[in-house]
Participant: 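If you scroll down you'll find the structure; I have some questions about it.
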Amino acid sequence: MANRSITITAQVKSKDDINSEPKAIQQGEAEDAEGIDAVDEPMTMPKTKAELIALYQTEALDINNSVQAKEMEKVAKQRVALYEHQLKRTEFFYTINPLLRPTYMVQTLKPQFIEYQQFQMARALDQRGIIDLDKNEMMWQQLHIVDDLIADIVHHMPAQQPVGWQLTSVNRNHLKLPTVGRLRDKDSVADQASLNSYVLGHFGVMSYTYDRAYFIGHVLGYLFCCYYLAHLSIAYGVTPLPETTVTNYKYASLETAKLVRLLHSVDVYCKRRIYQLAVLCARLSCYQLDKYIEKMLIAEVNEFDKKQQIEHLDALFTQGIMPEMPDAVDLKQFPGAFGDEGKS
């Protein structure tokens with residue numbers, strides 16, 4: 001009788017209920033898995049140099065502007081998975097056999113940096129030689145200095161528990177940090193797709209969502225962000241990262257006074273090196289390159305003598321004929337190309 005009653009109970013629900021519930025569960029699980037697959041893959045210690053480099057070559061996460069609770073929960077999981085991936089990768093970088101690590105990792109990753117790609121575009125656009133990119137060219141050629149500075153800083157920086165802060169800078173991702181979840185525009189950035197993402201990865205973990213950057217790690221990362229934005233004269237604001245913002249990830253949320261006390265423990269030598277690193281990255285930034293490209297645009301708009309063109313226009317109105325234009329093409333430069341008129 002007991003076996004029979006169990007059989008009856010299992011078939012009490014209607015066919016629609018039985019078919020719909022498992023499907024709903026499977027669909028939800030599939031969506032969650034799809035959302036974090038890109039950053040939640042199991043990581044093992046690389047055995048070759050190629051495997052280590054592959055950890056730095058990831059795809060950008062999809063933009064998710066939904067504000068539904070389920071979607072926001074998925075984004076929160078993506079962020080934590082991204083942070084764990086960043087942290088584990090850095091651990092591998094410093095514990096792997098040195099023979100398996102590129103002599104200068106930053107030079108190896110340079111082609112994938114947004115800043116370098118934009119530099120190449122600016123150099124191709126500057127057909128008139130309006131801007132001087134020689135200094136930028138030299139810095140990109142000597143980019144190994146970034147790794148030298150990082151190694152020096154890591155060697156001298158004091159040990160600290162990770163602290164968290166959030167940074168806003170005119171509602172734009174000027175630091176080009178990896179993006180997660182909501183964005184104001186379609187400018188999604190992959191992890192390690194920018195020079196800043198590579199540099200800050202040595203001091204903590206970071207991401208950008210909608211209008212602010214999140215950073216969890218050593219206070220030197222905080223200094224880098226401040227020096228970088230200040231050098232570019234970009235207005236910014238920094239506040240502690242509330243403990244509930246990134247759940248299931250350990251960090252301290254410090255008020256300003258405690259952050260000042262934490263900075264007291266940092267030697268001025270480290271601060272100077274971080275400043276040099278920030279200035280170097282700022283000089284190569286997309287923000288700085290955008291200023292150069294704007295100069296090219298202005299040069300194209302002002303290619304000719306506007307005052308002269310106005311005088312020609314006024315003469316056309318007063319005389320009713322098109323006046324001689326000194327900057328017009330001289331047909332004599334093309335003998336034979338325009339019949340007898342071209343030969344005279």
Side-chain angles (χ1 to χ4, degrees), residues 63 65 79 113-119 122 131 135-136 139 146 149 163-189 191 193-201 203-242 245-246 251 253-264 266 268 270-298:
I63 299 172
N65 286 321
R79 181 179 289 109
F113 292 155
I114 296 174
E115 299 91 343
Y116 184 65
Q117 294 171 4
Q118 187 152 348
F119 163 73
I131 56 179
K135 193 171 184 178
N136 287 64
M139 287 189 288
V146 169
L149 286 171
V163 296
W165 63 86
Q166 51 192 4
L167 183 147
T168 57
S169 55
V170 213
N171 294 332
R172 295 289 300 276
N173 186 13
H174 289 298
L175 287 161
K176 300 300 179 184
L177 303 184
T179 51
V180 180
R182 302 176 64 202
L183 294 180
R184 287 182 177 272
D185 50 34
K186 296 182 180 180
D187 186 20
S188 61
V189 181
D191 181 26
S194 72
L195 179 58
N196 289 341
S197 180
Y198 171 78
V199 170
L200 288 173
F203 307 111
V205 297
M206 65 285 171
S207 66
Y208 183 89
T209 297
Y210 194 60
D211 63 352
R212 66 192 61 206
Y214 300 131
F215 192 93
I216 299 174
H218 201 280
V219 72
L220 290 179
Y222 166 82
L223 287 179
F224 176 91
C225 296
C226 294
Y227 291 149
Y228 177 91
L229 294 170
H231 184 77
L232 294 173
S233 300
I234 300 175
Y236 68 94
V238 183
T239 55
L241 183 64
T245 302
V246 183
Y251 62 93
S253 179
L254 300 182
E255 297 297 333
T256 304
K258 293 182 179 179
L259 190 59
V260 171
R261 187 178 300 174
L262 195 60
L263 285 169
H264 285 163
V266 179
V268 67
C270 276
K271 293 179 181 178
R272 290 170 179 169
R273 285 288 181 260
I274 281 286
Y275 178 74
Q276 291 178 335
L277 189 59
V279 169
L280 194 162
C281 292
R283 287 177 175 177
L284 298 177
S285 66
C286 291
Y287 183 85
Q288 187 65 59
L289 282 169
D290 285 341
K291 297 297 181 184
Y292 292 151
I293 295 174
E294 285 177 10
K295 289 182 179 180
M296 291 188 233
L297 180 62
I298 294 172

Participant: Is it true that, when you exclude Tyr287 itself, more than 12 heavy atoms of the residues, nucleotides or ligands shown sit nearer than 6.0 Å to its OH?
Facilitator: yes
Participant: For a quick test of reading the model, state the closest non-hydrogen atom pair linking Leu241 to Ser253 and the distance between them.
Facilitator: O-OG, 2.8 Å
Participant: If you compare all heavy atoms of Lys186 against all heavy atoms of Ile63, which two are closest, and at what distance to 0.1 Å?
Facilitator: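 Result for this residue pair: CA-CD1, 3.7 Å.
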Participant: Does a side chain donor of either Thr239 or Arg212 reach within less than 3.5 Å of an acceptor in the other side chain?
Facilitator: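 Checked: Thr239/Arg212 side chains show no N/O donor-acceptor pair below 3.5 Å.
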Participant: What closest approach, in Å, do Ser188 and Leu183 show between heavy atoms, and which atom pair accounts for it?
Facilitator: CA-CD1, 3.8 Å
Participant: Closest approach of Cys226 and Tyr236, non-hydrogen atoms and distance?
Facilitator: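 Nearest heavy atoms, Cys226 then Tyr236: CB-OH, 3.4 Å.
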Participant: Where is the tightest heavy-atom contact between Val199 and Cys281, given as atom of each residue plus distance?
Facilitator: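 Smallest interatomic distance, heavy atoms only, reads CG2-SG, 3.9 Å.
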Participant: So, do Asp185 and Asn173 sit near enough that their side-chain heavy atoms are less than 4.5 Å apart?
Facilitator: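 SC-SC contact between Asp185 and Asn173 ruled out.
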Participant: Testing Gln117, Lys291, Glu115 one by one against Cys286 for a side-chain contact (heavy atoms from CB on, under 4.5 Å), which residue passes?
Facilitator: Glu115
Participant: Please say whether more than 12 non-hydrogen atoms of neighbouring residues, nucleotides or ligands are located less than 6.0 Å from CZ in Arg172.
Facilitator: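 No, the 6.0 Å shell around CZ holds no more than 12 heavy atoms from other groups.
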Participant: Can you tell me how far OH of Tyr227 sits from CD1 of Ile274, rounded to the nearest 0.5 angstrom?
Facilitator: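 So the gap between those two atoms works out to 8.5 Å.
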Participant: So, taking the atom named CG in Asn171 and the one named CZ in Arg184, what distance separates them when rounded to the nearest 0.5 Å?
Facilitator: 4.0 Å
Participant: Is there side-chain contact between Asn196 and His174, with at least one heavy-atom pair below 4.5 Å?
Facilitator: no
Participant: Determine whether Tyr198 and Phe113 make a side-chain contact, defined as any pair of heavy atoms from C-beta on separated by less than 4.5 Å.
Facilitator: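 A side-chain contact exists here, since the closest heavy-atom pair is under 4.5 Å.
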Participant: Looking at Lys176 and Asp187, is there a salt bridge between them, counting it only when a charged N and a carboxylate O are closer than 4.0 Å?
Facilitator: yes
Participant: Once you round to the nearest 0.5 Å, how far does CD of Gln118 lie from CG of Leu284?
Facilitator: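 Taking CD in Gln118 and CG in Leu284, the distance rounds to 11.5 Å.
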Participant: CD1/Ile216 to CZ/Arg79 distance, rounded to the nearest 0.5 angstrom?
Facilitator: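 Rounded to the nearest 0.5 Å, the CD1-CZ separation comes to 9.0 Å.
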Participant: So do the side chains of Leu262 and Tyr222 get within less than 4.5 Å of each other, counting heavy atoms only?
Facilitator: no
Participant: Atom CE in Met206, atom OH in Tyr214: separation rounded to 0.5 Å?
Facilitator: 15.0 Å
Participant: Are any side-chain N or O atoms of Thr179 and backbone N or O atoms of Val189, one a donor and one an acceptor, separated by less than 3.5 Å?
Facilitator: yes
Participant: What distance do Tyr228 atom OH and Ile234 atom CD1 have between them, rounded to the nearest 0.5 Å?
Facilitator: 6.5 Å
Participant: How close do Phe119 and Leu289 get, heavy atom to heavy atom, and via which atoms?
Facilitator: N-CD1, 3.5 Å
Participant: For a 4.5 angstrom cut-off between non-hydrogen side-chain atoms, does Leu177 reach Phe215?
Facilitator: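 Leu177 does not reach Phe215 side chain to side chain.
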Participant: For the residue pair Tyr208 and Leu175, establish whether any side-chain heavy-atom pair is separated by less than 4.5 Å.
Facilitator: no
Participant: With side chains defined as the heavy atoms from C-beta onward, is the minimum distance between Leu259 and Val238 less than 4.5 Å?
Facilitator: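 SC-SC contact between Leu259 and Val238 ruled out.
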